[in-house]
2 protein chains.
Amino acid sequence: MVENGARGYHMHVLRIGIDTHEEAVIYMRADCGVCRAEGFSASARLKVSAHGHALIATLNVVDSALLPEGFVGLSSHAWDKLGLAERDEVVVAWAPVVSSMSDVRRKIYGHRLDEAAIHGIIRDVADGMYSDIQLASFLTASAGDRMDRQEVVALTRAMVDVGERLHWNGNRAIYDKHCIGGLPGNRTTPIVVSICSAAGLVIPKTSSRAITSPAGTADTMAVITRVDLDLPDIRHVVDQVGGCLVWGGAVKLSPVDDVLIRVERALDIDSEGQLIASVLSKKIAAGSSHILIDIPIGPTAKVRDEHAAKDLAELMEYVGRAMGVNVRCVFTDGSQPVGSGIGPALEARDVLAVLRNAPEAPQDLRDKSLELSAQLLDMAHGHGLDAAWEEAKRLLDNGQALAQFERICRLQGGFNEPPASHFQKEVLCKVHGTVSSIDNRKLSRLAKLAGAPQLLEAGVDLKVRCGQRVVPGDCLMVVHSGSSGELEYALGYYQSNPGIIGVDET
Amino acid sequence: MVENGARGYHMHVLRIGIDTHEEAVIYMRADCGVCRAEGFSASARLKVSAHGHALIATLNVVDSALLPEGFVGLSSHAWDKLGLAERDEVVVAWAPVVSSMSDVRRKIYGHRLDEAAIHGIIRDVADGMYSDIQLASFLTASAGDRMDRQEVVALTRAMVDVGERLHWNGNRAIYDKHCIGGLPGNRTTPIVVSICSAAGLVIPKTSSRAITSPAGTADTMAVITRVDLDLPDIRHVVDQVGGCLVWGGAVKLSPVDDVLIRVERALDIDSEGQLIASVLSKKIAAGSSHILIDIPIGPTAKVRDEHAAKDLAELMEYVGRAMGVNVRCVFTDGSQPVGSGIGPALEARDVLAVLRNAPEAPQDLRDKSLELSAQLLDMAHGHGLDAAWEEAKRLLDNGQALAQFERICRLQGGFNEPPASHFQKEVLCKVHGTVSSIDNRKLSRLAKLAGAPQLLEAGVDLKVRCGQRVVPGDCLMVVHSGSSGELEYALGYYQSNPGIIGVDET
């Protein structure tokens, strides 16, 4: 230990083997000279540097039994982020004042933030300066309609600027699609990418993990193939086949987005400004020039009516123009889930069924995938939606889309059939009647309580559609889980929320 | 380990010796049967029960070296809260859904919350159901002017309801005072309580720790005597001498307030609605019937102009009436600190100097303490402010207030003179001129960077007042600290913020 209060103390690090998820924690002995000299106490924020990198960690103070004298411990995530090896030297110092937090406080008190302020916040978030408490405050302060359109543009630009940005060979148009979510199932992306890249479009798709849903496209694709490709590997796949289906987080495109999503998930919030910045920053960083946004509308979808959808589309297109990209929004039916499966593996199964033209393939998932593919092909060729739809249908029916999907998966690292769950329970109908409504939000919550998306095979397999006639004993859904505990937990939620599937009795 | 997914798993606990401050953390082995069966992963929220108590803890997953098979660890705060002993049995289960978070989300999106919703949130916070992330979101969502007056009343009532409530013998009026803060130094409370209780008023004062300031009254009193008295001990002190000067948190009056303050401190926010609920819930729970609120006004005080002060006073008095107590607000000069010391021990020194009528006693602290005492004596007797002021002055000048203060301290547990700091540095004036302004906020920040309030003797000793003539070499302030690192850190902040003490050069 070299005493140097201003520039930090040199100490040696041990892998303490504590996984705190993504929050960086440093463990120091209560009796260590540095803690005592500097007055460090539990929950202090400290700067830890090694190998030319630095991060801010929260201090946990441990008694002597856990750490030998002269050593500090680091949580697994921080350990990996600094690229440490056992007994490496780290430098520990007070964390600098996070000056951008004064702008977060200004936002809390209702002031608007200019481009420089927003850039400062996002820069500090990217540098790991924010604690989870501070991230939660920033997200809450800018949730709802608390950001104006200039702030959303600034947030989008800042999120692009702090990450890597892809530039593709040649001056070709780069296509992308995104669903703003809220609809369980609805896994059109792998099908659309397969059809459009089979049609010759360049569509290098990077997807997010789930925010508040039971599965994101990246979660679903991770069931079938590798999704954590780095930039050179992504380029290789796209150069070969014109498309890919990877997780955006692994390539540091808009890296702040993943940090924010982790806290948004814990809070179960997902606000309009953050949503637009999250979506467009990822797309723009990925080098997209033409972006199709699918906005499902329904009473329990994320967007509840056409008025809200128009506002969102208008803001989305505004930010797109400000950022120099072509954004087209389409409104789709969000009154009930799309497809049968809800959860990574169950959705992967549906995707494969559609691509394989299997008789059990959900018709609604097929129809919607064709519709979205047609929109993208129309953006590309401009020959009208009817011609575009015919082309999409041809590529799906003749197996070219399936072949394309398999090529993409093999290039990304392999092809696995989706696994089955170990615990299942059928939920049966008790009355005669007609299914009148399906609550997307509560169904999502049910699938999450069953273990999705962390457990790939967990979720819900929906067996009915709105308008369908049912009789006692009909299976409404099958809940899939990885443990009896989670299964009971999910079924308990179903029992106390009987309106998840509404049936008009006859 | 008894397998029981629904009702929880019985496991044995070891004191792992990790101090995470107040966030409850449970440590489980990655390879433990429960983690694997239930799919628990890092950052999961789990319910931990023992001895008829329960709390919600965040899961950290550890490798096998830290914990023997079959055991779980708990952070020190959680360990103490559950009253555990080595190898006690605890029951671990998924945390129930925190249903009140849906109301927090409604608040995030700008909806107003009714009494039941606010009560549900505060009940869950009191029960330890909220993670730090969720607390930060609730505080941010209800900060600024985002709560209307009915919500503030509901919040105040909920905060009273979830804690203990004092009832004093007889039907006597119970007096209290509170400064809404923002002014460094300004430690009038111990002096006012001494004067007023010497005059026969019952003034059982419970104080908070600092929120965003370098010291609260509880921090300052902790320098001199014990402040963490329980209810029977407080009753004993007040029955003997009519007054006390204790920390409110130890008696579970409005226990949620301390939880919220911890997160507010990390965010450095302190909003109007939370402020009023925090102050009045503590006073009402303490059984107060007559409450004097000191609102300092100044460009760098918490309240910046008379308009804001009137709004705050009006809302404070409104909430008081709704809760059935008599609230009087007085506006005082908030243009510069009161007293010389800023930080727990330095403020304690000033308090003692005033009570002892010492020649070096800060005149402004004496004057303000007399003014506030007069307001309280006038609320009690109604003979006008002039008569009340004369009485207060007599009790201070003739030593009865000092004798009363010493009685209170001895009954609370002893009397210690304030300690001196180990590291000090004078900040000298470099120019000829007149002190024109003192930035309360930056001065507070400086005192905090020096280590206050965690380190009792740290802080700033201010040597000048606005209007004072200064020449090069005059001492503007002395910075006190507990380590060379913190001292350098604080002085670095001073160097880069030269306007902390403004001097008009002549």
Side-chain angles (χ1 to χ4, degrees), chain A residues 5-6 16-23 27 30 37-39 41-43 60-66 75 93-94 97 101 104-105 108-110 131-141 143-145 263 266-269 271 449 451 454-455 458 482-489 492-493, chain B residues 5-6 16-23 25 27 30 37-39 41-43 60-66 75 93-94 97 101 104-105 108-110 131-137 139-141 143-145 263 266-269 271 449 451 454-455 458 482-489 492-493:
Chain A
I16 196 166
I18 299 182
D19 175 5
T20 57
H21 202 188
E22 293 185 19
E23 182 152 43
Y27 301 86
E38 291 292 329
S41 64
S43 88
N60 280 192
V61 175
V62 305
D63 67 20
S64 47
L66 285 185
S75 59
W94 285 103
V97 174
M101 267 302 293
V104 172
R105 281 188 290 276
I108 292 173
Y109 289 101
S131 67
D132 282 1
I133 284 180
Q134 291 168 328
L135 290 169
S137 184
F138 169 62
L139 287 167
T140 301
D145 55 358
V263 177
L267 293 173
D268 213 356
I269 60 170
S271 72
L449 292 176
Q454 283 79 14
L455 187 73
S483 71
S484 57
E486 280 173 305
L487 194 59
E488 281 185 51
Y489 198 52
Y493 179 77
Chain B
I16 196 166
I18 299 182
D19 175 5
T20 57
H21 202 188
E22 293 185 18
E23 181 152 43
V25 175
Y27 301 86
E38 291 294 329
S41 65
S43 88
N60 280 190
V61 175
V62 304
D63 68 21
S64 47
L66 286 185
S75 59
W94 284 105
V97 174
M101 267 302 292
V104 173
R105 280 187 289 275
I108 292 172
Y109 288 102
S131 68
D132 282 0
I133 284 180
Q134 291 167 327
L135 289 170
S137 183
L139 286 168
T140 301
D145 55 359
V263 177
L267 293 173
D268 213 357
I269 60 169
S271 72
L449 293 176
Q454 284 78 15
L455 187 73
S483 71
S484 57
E486 280 173 305
L487 194 59
E488 280 185 54
Y489 198 52
Y493 179 77

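Lettering follows sequence order; numbering is per chain, from 1.
Evaluation of the side chain to side chain contact (heavy atoms under 4.5 Å, CB included) rule for A:Y493 yields A:K442, A:R445, A:L446, A:L449, A:N497, A:I500 as partners, not counting sequence neighbours. Contacts of A:D132 classified as side chain to side chain contact (heavy atoms under 4.5 Å, CB included), with partners at least two apart in sequence or in another chain: A:E23, A:L135, A:R262, A:V263, B:I133.
For A:V97, the parts sitting under 4.5 Å from any heavy atom of chain B are the backbone and the side chain alike.
Highest contact tally toward chain A, considering only B:T20, B:I108, B:L267, is held by B:L267 [criterion: heavy-atom pairs under 4.5 Å]. Most heavy-atom pairs under 4.5 Å with chain A, from the set B:G144, B:S137, B:S43: that is B:S137. Between chain A and the options B:L66, B:V25, B:T140, B:D145, heavy-atom pairs under 4.5 Å are most frequent for B:T140. Contact count against chain A (heavy-atom pairs under 4.5 Å) is highest for B:D63 among B:V104, B:I16, B:D63. In terms of heavy-atom pairs under 4.5 angstrom with chain A, the leader among B:A143, B:G451, B:A136, B:A458 is B:A136.
Between B:I18 and A:V61 there is no side-chain heavy-atom pair separated by less than 4.5 Å. Inter-residue side-chain proximity for B:D19 and A:V62 is flagged as unmet; no heavy-atom pair is nearer than 4.5 Å.
Taking OG from A:S483 and CG from A:L455, the interatomic distance works out to 8.0 Å, rounded to the nearest 0.5 Å.
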